[in-house]
Peer 1: 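The structure under discussion is supplied below as structure tokens; questions concerning it will follow.
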Amino acid sequence: MDPLEKMHFTTIDYVIFALLLVASMGIGLYYALSGGRQRTTQEFLLADRGMSCLPVSLSLIATFQSAVAIVGVPAEIYTHGTQYWFIGCAYILGLFIPAHVFVPVFYRLHLTSAYQYLELRFSKPVRICGTLTFIFQTVIYMGVCVYTPALALNAVTGFDLWGAVLATGLVCTLYTTLGGLKAVIWTDVFQTIVMFAGQLAVIVVGVQQTGGLAEVWRKVWEGNRISGIDLNPDPTERYTFWTLGVGGVFLMLSLYGVNQAQVQRYLSSKTEREAIMSCYMVFPSLQVALALSCVMGLVMFARYCGEDQFHKIGNLSKNEMVLYFVMDMLQDLPGLSGLFIACLFSAALSTISSAFNSLATVTLEDLIKPHCSSMTEARATLLSKGLACSYGLICLAMAYLTHLMSDSVLQAVFKIFGMVGGPLLGIFCLGMFFPWANSTGALAGLGSGLAMAFWVGIGSIVTRTSGGPAAVSHFNCTAVQLSGNITTAIGTALNSTAVPTSTSSQPMGLQRFYSLSFMWYSALSSFTVVITGLIVSFLTGPMKEEDVTPGTLYPLLGNMLFFVPDNLKQNLCCATPLGHRPIIQECPPAQHKESNVQAVYTEEEEEERQNFLPTPVMEHETTV
């Protein structure tokens, strides 16, 4: 009998779960009926640019701390040990770089969509290609996020799987459409608290039922679940310090640097300082979220590592392991099972609502408005709400495709962000750091980056070798022999102490290329975009200084070449420093690229920016 068939929901569990949905809907209705009542695109899409750093930072966490992480990370720790925990090292640069590079550039240009930057820097075709790539990535990701909590609800209550998918999608679509970004951000705050509470409840009860902290530590230590730093440079290894600490930085940059869902939150902040502070406030919260998920995985291992317990979980897929563990721990404690399922749905709703809002934003600003310049504000607002609702229905179809995938949900998400988010990161870096890059180079780079990413990704799916082969090991805690897709996963946690019972030959040629760890996908595709873009730009004629829109470059090369004389540095970098704020006014089309974006500061914002800069800068205005 399926172990999950023994689980059940009580009335209290259903009440707690229902309260989550009602509270989320209530927040949406509140912002639909208060304030400006979401009558302008500025309010609906950017919350009137009036959010403070605390709700923005919690929303930044909730956007990508989805049900996928809550279900997927503990399963990874159970099967691979704590090596995955080292991805926390990537959070440092993954948040510091956006705070001081991407956020200032985007905020000072007063954008609504991140992809408006691509038109300012390159051309309209580049902007459209970037927007379509983001839409493709996010629609696929939404399918995974909707399917994961629905699977959980189906597993623990017997509630129809597709009924759960429909309920998740419709509730989220409704409050996002009604309340706009304000509702999304404040429901994110509420749902983040529920997420942390649900995980903490499972950990506390799990530790107690396993025999206490000392017993948990003894079992995970004897079972080789505590990993040291693995400095193996082999890029085909699933998790090493390099794949997580270096490859993870590029993954984080693609998420927190240039992803529209996050950029939209930065742009909703009151001031640039608030936007930057929200990046810093995310860091400790992300570490707490990572720690909770990892500790849950360790407690789960301690609970089931004995031979007398292994039969309970040995035949379950990775996506079901955490669900069984939770229900096994909490089924005799009314209300806590409902709290954890509410935790999963909170994570899912926060992610999906952010996706709906960001998709509506880029579709309206990048694909519709440029062709309908005479559209009234009221019509644009109504259209943006319709777009949010439409994407909600599309995500239901994508959930069905997720059902057909054989990968764990966590691995599937990393592949999605690596294969599609990596090229997007590359094209923003190409435009922001390399003044010579032109529109032709950007298009060629984006195309080559996507081609490279999909070549590796699809190759790994076909050959089923992504993440590298793993040896099966003996553990002191138990003679674990997992079946299904778990068997090949056990044993890589601590390579220096595990004793392999079997060896597999290293893949060669294309097989080895396809074995590249999915944590490197983002870095590989980003570098492909930049290198190809620079080569094509030089072959077709590098961009001239007078053709670069002021304010779209970050003086990375100028900062790196600090030892070069200023006159030579200017010739090499042709970048306007961020401290020298250009004012872009209307100009004849022959002198400046057509753009709907005006990079102008108010006096209050200019004073705020000057106070924030570490060194004083000279006033400088460029009128084109």
Side-chain angles (χ1 to χ4, degrees), residues 64 69 72-73 76-77 80-102 227-259 262 279 282-283 286-287 289-291 293-294 410-411 413-430 432-434 445 449 452-453 456-457 460 465-470 492-496 512-532 534 554 556 559-560:
F64 290 117
V73 173
E76 290 292 311
I77 298 298
H80 295 276
T82 57
Q83 190 69 230
Y84 177 83
W85 209 327
F86 286 107
I87 197 173
C89 298
Y91 293 172
I92 301 172
L93 287 178
L95 292 170
F96 180 83
I97 293 175
H100 293 280
V101 176
F102 295 109
S227 304
I229 298 179
D230 185 355
L231 297 177
N232 186 350
D234 186 356
T236 64
E237 288 293 329
R238 185 185 185 94
Y239 296 136
T240 66
F241 176 79
W242 305 115
T243 59
L244 294 166
V246 180
V249 169
F250 289 89
L251 178 65
M252 289 293 294
L253 290 178
S254 68
L255 294 179
Y256 286 88
V258 300
N259 188 283
Q262 306 295 56
C279 265
V282 167
F283 178 77
L286 276 179
Q287 295 290 357
L290 177 63
S293 296
C294 292
L410 186 68
Q411 183 173 337
V413 165
F414 280 158
K415 285 185 176 181
I416 291 169
F417 284 125
M419 292 166 62
V420 187
L424 286 175
L425 172 63
I427 198 170
F428 278 97
C429 291
L430 179 68
M432 212 168 282
F433 303 147
F434 301 96
M452 175 66 75
V456 179
S460 73
T465 59
S466 179
T492 60
L494 189 58
N495 295 328
S496 60
R512 182 168 176 78
F513 182 58
Y514 295 147
S515 298
L516 182 72
S517 171
F518 52 83
M519 293 299 297
W520 285 113
Y521 284 7
S522 188
L524 173 66
S525 54
S526 298
F527 276 108
T528 301
V529 171
V530 171
I531 293 171
T532 304
L534 289 176
Y554 181 85
L556 176 67
N559 294 340
M560 293 176 62

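These figures come from a predicted structure and were not determined experimentally. Quick note: numbers below take in every heavy atom, side chains included, and nothing from hydrogens, waters or symmetry partners.
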Peer 1: Between atom OH of Tyr256 and atom CD1 of Ile97, what is the distance when rounded to the nearest 0.5 Å?
Peer 2: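 Tyr256 OH to Ile97 CD1: 15.0 Å, rounded to 0.5 Å.
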Peer 1: To the nearest 0.5 Å, tell me how far His100 NE2 sits from Tyr554 OH.
Peer 2: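 Answer rounded to 0.5 Å: 8.5 Å.
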Peer 1: Under the 3.5 angstrom rule, does the side chain of Thr82 hit a backbone N or O of Ser227 as a donor-acceptor pair?
Peer 2: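 Yes, Thr82 side chain to Ser227 backbone: donor-acceptor pair under 3.5 Å.
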Peer 1: For Leu425 and Phe250, work out which heavy atoms get closest and say how close.
Peer 2: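 What the structure gives for the nearest pair is CD2-O, 3.5 Å.
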Peer 1: Can you classify the ring geometry of Phe241 versus Phe86 as parallel (below 30°), tilted (30 to 60°) or perpendicular (above 60°)?
Peer 2: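 Aromatic pair Phe241/Phe86 classed perpendicular.
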Peer 1: Under the side-chain contact (heavy atoms from CB on, under 4.5 Å) criterion, do Ile77 and Gln83 qualify, and how do the steps go?
Peer 2: CA-CA 8 Å; Ile77 298 298; Gln83 190 69 230; over 6 Å; no
Peer 1: Closest heavy-atom contact between Val420 and Pro423?
Peer 2: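 Here Val420 and Pro423 meet closest at O-CD, 3.3 Å.
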Peer 1: Taking it one step at a time, do Met432 and Phe102 satisfy side-chain contact (heavy atoms from CB on, under 4.5 Å)?
Peer 2: CA-CA 9 Å; Met432 212 168 282; Phe102 295 109; 3.7 Å; yes
Peer 1: How far does OG1 of Thr236 sit from CG of Asp234, to the nearest 0.5 angstrom?
Peer 2: 3.0 Å
Peer 1: Rounded to the nearest 0.5 Å, how far apart are CD of Glu237 and OG1 of Thr243?
Peer 2: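 That separation rounds to 8.5 Å.
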Peer 1: Looking only at heavy atoms, what is the nearest atom pair of Cys429 and Val530, with distance?
Peer 2: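 Cys429 and Val530 have their closest heavy atoms at CB-CG2, 4.4 Å.
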Peer 1: Nearest 0.5 Å, what's the CG-CG distance between Leu424 and Leu255?
Peer 2: 11.0 Å
Peer 1: Is there a side-chain contact between Leu231 and Thr240 (heavy atoms, below 4.5 Å)?
Peer 2: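 No, too far: nothing below the 4.5 Å cut-off.
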Peer 1: Which pair of heavy atoms, one from Ala453 and one from Gly418, lies closest together, and at what distance?
Peer 2: CB-O, 4.5 Å
Peer 1: To the nearest 0.5 Å, what is the distance between CZ on Phe518 and CZ on Arg238?
Peer 2: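 Phe518 CZ to Arg238 CZ: 4.0 Å, rounded to 0.5 Å.
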Peer 1: Testing the basics here: between Val529 and Gly449, what is the closest heavy-atom pair and its distance to 0.1 Å?
Peer 2: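 Of all heavy-atom pairs spanning Val529 and Gly449, the closest is CG2-CA, 3.7 Å.
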Peer 1: Spell out, as yes or no, whether a donor-acceptor pair under 3.5 Å connects the side chain of Gln287 to the backbone of Gly88.
Peer 2: yes
Peer 1: Working note: Val258 + Leu253, criterion side-chain contact (heavy atoms from CB on, under 4.5 Å); need CA distance, chi angles, decisive distance, verdict.
Peer 2: CA-CA 7 Å; Val258 300; Leu253 290 178; over 6 Å; no
Peer 1: I want to check something: taking the side chain as every heavy atom from C-beta on, are Tyr239 and Glu76 in contact at a cut-off of under 4.5 Å?
Peer 2: yes
Peer 1: Around atom CH2 of Trp520, are there more than 12 heavy atoms of other residues, nucleotides or ligands at under 6.0 Å?
Peer 2: yes
Peer 1: I'd like to know if the side chain of Trp85 and the backbone of Cys294 have a donor-acceptor N/O pair within less than 3.5 Å.
Peer 2: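 The answer is no, because no donor-acceptor pair under 3.5 Å joins these two groups.
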Peer 1: Indicate yes or no: at least one non-hydrogen side-chain atom of Leu95 is less than 4.5 angstrom from one of Leu286.
Peer 2: yes
Peer 1: Between Ser522 and Gly248, is there a donor-acceptor pair closer than 3.5 Å when you use the side chain of the first and the backbone of the second?
Peer 2: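 Side chain of Ser522 to backbone of Gly248: no pair is present.
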Peer 1: Please identify which of these residues, Ser460, Ser526, Ser254, meets the side-chain contact (heavy atoms from CB on, under 4.5 Å) condition with Tyr521.
Peer 2: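 The passing option is Ser460.
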Peer 1: Can you list everything that forms a side chain to side chain contact (heavy atoms under 4.5 Å, CB included) with Ile92? Sequence neighbours excluded, please.
Peer 2: Phe283
